[in-house]
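Model, not experiment: these values are computed from the prediction. The sequence lines fix the lettering, A, B, ..., with proteins before strands; numbering per chain opens at 1.
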Amino acid sequence: MVIYDSAKKTKVPFVPIRENEASIYVCGPTVYDDAHLGHARSALSFDLLVRTLKVLDYKVKLVKNFTDVDDKIINKMNETGQSLADITNHFIERYLYEMDCLGVLRGDIEPKATENIQQMSNMIQNLIDKESAYLTPSGDVYFDTSKDSHYGSISHKVTEDEENQSRINHNSEKQNPKDFAMWKACSKDDSVCFDSPFSRGRPGWHIECSAMIDRYFDGDENYHIDIHAGGVDLLFPHHENEAAQSRCATGKEIAKYWMHNGFVQIAGDKMSKSLGNSFFLKDALKIYDAEVLRFYLISIHYRNDFNFVEEDLLSAKKRLDKLYRLKKRVALGKASIPNKDFKQSLLDAMSDDLNISVALSVIDEMIASTNEELDKNPKNKVLKKETIANIELIGQLLGVGGKEPYSYFQIGIDDEVKSKIEALLSKRDKAKKSKDFETSDSIRDELNAMDIAIMDTADGTIWEKI
RNA sequence: GGAGCUAUCGCCAAGUGGUAAGGCCGCAGCCUGCAAAGCUGCUAUCGCCGGUUCAAAUCCGGCUAGCUCCUCCA
């Protein structure tokens, strides 16, 4: 396995802390709003990583967090009058449901920030004791970036003159503009406060990941975990700051490897809260089939920008359709084992920093060559069994193709429409048998008008929802 | 203002030194009563300029365009 390490800015061989094991932490969402396509893409990117490692026989430990205490959530409380727990539980539930729809494997642990206040507080106190952090008169605690000689080693964003060039005006009680809050003291009217040795307040954003990783992973003397993952936007400052905290608190690097997924764009623009062009997953799932959406979102390499275009989604669907049509052809029978060359090529592709484009081309070629062989010899049972195994492997690795193939082509068709289709087909069949092609063709036109495609096969006529 | 990424066929997109994978669309053929599905064949010299090299889409420099980060963000 080779992965692109965004801290080293190059592809590197993946050599885990412990042989044949992989410890992975993925930065999850701040749960104050519905998840959008960007959240889906991030989750899906690292879902492919986890699936690939599992197929390669790594024992994977995956932790994905929820940031459930944050200024944005508090703003939402003030807007809606709901409690923190009401808001966060609602969005966590929605998030998990939507990710389940997309076939994203659950984390082994999915901790919330609020379940780790004690751990955060301990780590902050530790950093204060080591003079890597300082408490201000108002009760805030800042990390002192000048105490970390490796600050900037992850994102490479910190330059000598950045503090002067940044567009942001730094005020506050920071000793250094690069310093960041680990703990924010609450004011009197704040409703979300936790006790700590330094002040009543709430944790900053970065500290939760450091604390959770310390809590949930063992690591070794050099690193806490193998892979730390998230969206590119988190590279700086979030991951830089996490790394600094963990480094100074524990003397270990937080992660051996860093992976960051690219952004989803809508019409060429970044999708963001501030632009108000978010495409929420709940809306996307109303329009598109979840599996098709998954297939589309994973079909572009995770580090590239992803420009969401409906036309492209539809062409992705056509590509997935071909897999299911092949599945129809081989549906009867048990799986044997995947074709050796196919499996090797597929794993080689995914092992190269999740090269999905090559993986998909390997699959397309498998589909074409299998169809060709089945055209010549429709009863090739050995091939059929092998193909079933091939498709199962695709399912494990990419999380697509697992549905029963006929039902895949009937999504969105209710029983009423279904019986109407079947009645029309039976009528057409009679007309065809009596060579009344005018009638049979007009029935076909009628079905086409209903977005139903039909195909006559040796075993009778089958239909698909287009 | 600073830092970085990207630029390959109509569209999506692989490919980090040796003469351009794959998918969608299109065209032709096979199959079909006709279709559909499936199969076969056909369609690019890689943003622009210059350099290095026997050889570059691939390395270097410049330019142009788009995007991202430096602020909450996946």
[X] side chain, from C-beta outward: closest of [options]:
{"X": "A/S361", "options": "B/G22, B/A13, B/A74", "answer": "B/G22"}
{"X": "A/H36", "options": "B/A13, B/A14, B/A74", "answer": "B/A74"}
{"X": "A/N355", "options": "B/G33, B/C69, B/G15", "answer": "B/G15"}
{"X": "A/P237", "options": "B/A36, B/C70, B/G33", "answer": "B/C70"}
{"X": "A/D233", "options": "B/C12, B/C24, B/A74", "answer": "B/A74"}

Which one is paired to [N], where only Watson-Crick or G-U wobble pairs with both distances under 3.5 angstrom count?
{"N": "B/U19", "answer": "none"}
{"N": "B/U71", "answer": "none"}
{"N": "B/C30", "answer": "B/G38"}
{"N": "B/C59", "answer": "B/G51"}
{"N": "B/A65", "answer": "B/U6"}

Measure the distance from [atom1] on [X] to [atom2] on [N] and round it to the nearest whole Å.
{"X": "A/H301", "N": "B/C12", "atom1": "NE2", "atom2": "P", "answer": "18 Å"}
{"X": "A/Y4", "N": "B/U16", "atom1": "OH", "atom2": "C1'", "answer": "13 Å"}
{"X": "A/N371", "N": "B/C31", "atom1": "CG", "atom2": "P", "answer": "18 Å"}
{"X": "A/K72", "N": "B/U71", "atom1": "NZ", "atom2": "P", "answer": "14 Å"}
{"X": "A/M366", "N": "B/G38", "atom1": "CE", "atom2": "C1'", "answer": "15 Å"}
{"X": "A/E372", "N": "B/G41", "atom1": "CD", "atom2": "P", "answer": "8 Å"}
{"X": "A/N261", "N": "B/C5", "atom1": "CG", "atom2": "P", "answer": "18 Å"}

query: Stacking here means centres under 5.5 Å and planes under 30°; does A/F263 stack on B/A74?
result: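 So A/F263 does not count as stacking on the base.
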Salt bridge present between [X] and [Y] (N-O < 4.0 angstrom):
{"X": "A/D352", "Y": "A/K11", "value": "yes"}
{"X": "A/R303", "Y": "A/D353", "value": "yes"}
{"X": "A/R325", "Y": "A/E464", "value": "yes"}
{"X": "A/R444", "Y": "A/D441", "value": "yes"}
{"X": "A/K317", "Y": "A/D312", "value": "no"}
{"X": "A/K286", "Y": "A/D283", "value": "yes"}

Counting only distance, no hydrogens or angles, is the base of [N] paired donor-acceptor with the side chain of [X] under 3.5 Å?
{"X": "A/R303", "N": "B/C5", "answer": "no"}
{"X": "A/D305", "N": "B/G66", "answer": "no"}
{"X": "A/D456", "N": "B/C34", "answer": "yes"}
{"X": "A/R41", "N": "B/A74", "answer": "no"}

Nearest-angstrom distance, [atom1] atom, [N] to [M]:
{"N": "B/U8", "M": "B/G47", "atom1": "C1'", "value": "10 Å"}
{"N": "B/U19", "M": "B/A56", "atom1": "C1'", "value": "10 Å"}
{"N": "B/A57", "M": "B/G50", "atom1": "P", "value": "15 Å"}
{"N": "B/G18", "M": "B/C27", "atom1": "C1'", "value": "33 Å"}
{"N": "B/U64", "M": "B/U43", "atom1": "P", "value": "37 Å"}
{"N": "B/U53", "M": "B/C48", "atom1": "P", "value": "23 Å"}
{"N": "B/A3", "M": "B/G10", "atom1": "C1'", "value": "36 Å"}

query: RNA chain B: A/I454 or A/Y296, which has the more 5' nearest nucleotide?
result: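 That would be A/Y296.
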task: With RNA chain B as reference, determine whether A/D312 or A/P29 sits nearer its 5' end, using the nearest nucleotide of each.
output: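 On the 5' side of the pair lies A/D312.
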Check the interface with nucleotides 25-27 of chain B: list each N/O to N/O pair with the protein under 3.5 Å, or write none.
unit_1	atom_1	unit_2	atom_2	d
B/C25	OP1	A/K318	NZ	3.3

query: Could you walk me through whether A/D5 and A/K9 pass the salt bridge (charged side-chain N to carboxylate O under 4.0 Å, His left out) check?
result: CA-CA 6 Å; A/D5 181 346; A/K9 296 183 173 190; over 6 Å; no
task: Determine: side-chain N/O of A/K317 to OP1/OP2 of B/G23, distance under 4.0 Å, yes or no.
output: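 False: A/K317 side-chain N/O out of range (4.0 Å or more) of B/G23 OP1/OP2.
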field: A/H39 and A/Y95 aromatic ring geometry - parallel, tilted or perpendicular at 30°/60° bounds
entry: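 Aromatic pair A/Y95/A/H39 classed perpendicular.
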A/N116 versus A/P111, closest heavy-atom pair with distance: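 Minimum heavy-atom contact is ND2-CB, 3.9 Å.
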query: More than 12 heavy atoms of other residues, nucleotides or ligands under 6.0 Å from NZ of A/K403: is that the case?
result: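 More than 12 within 6.0 Å, yes.
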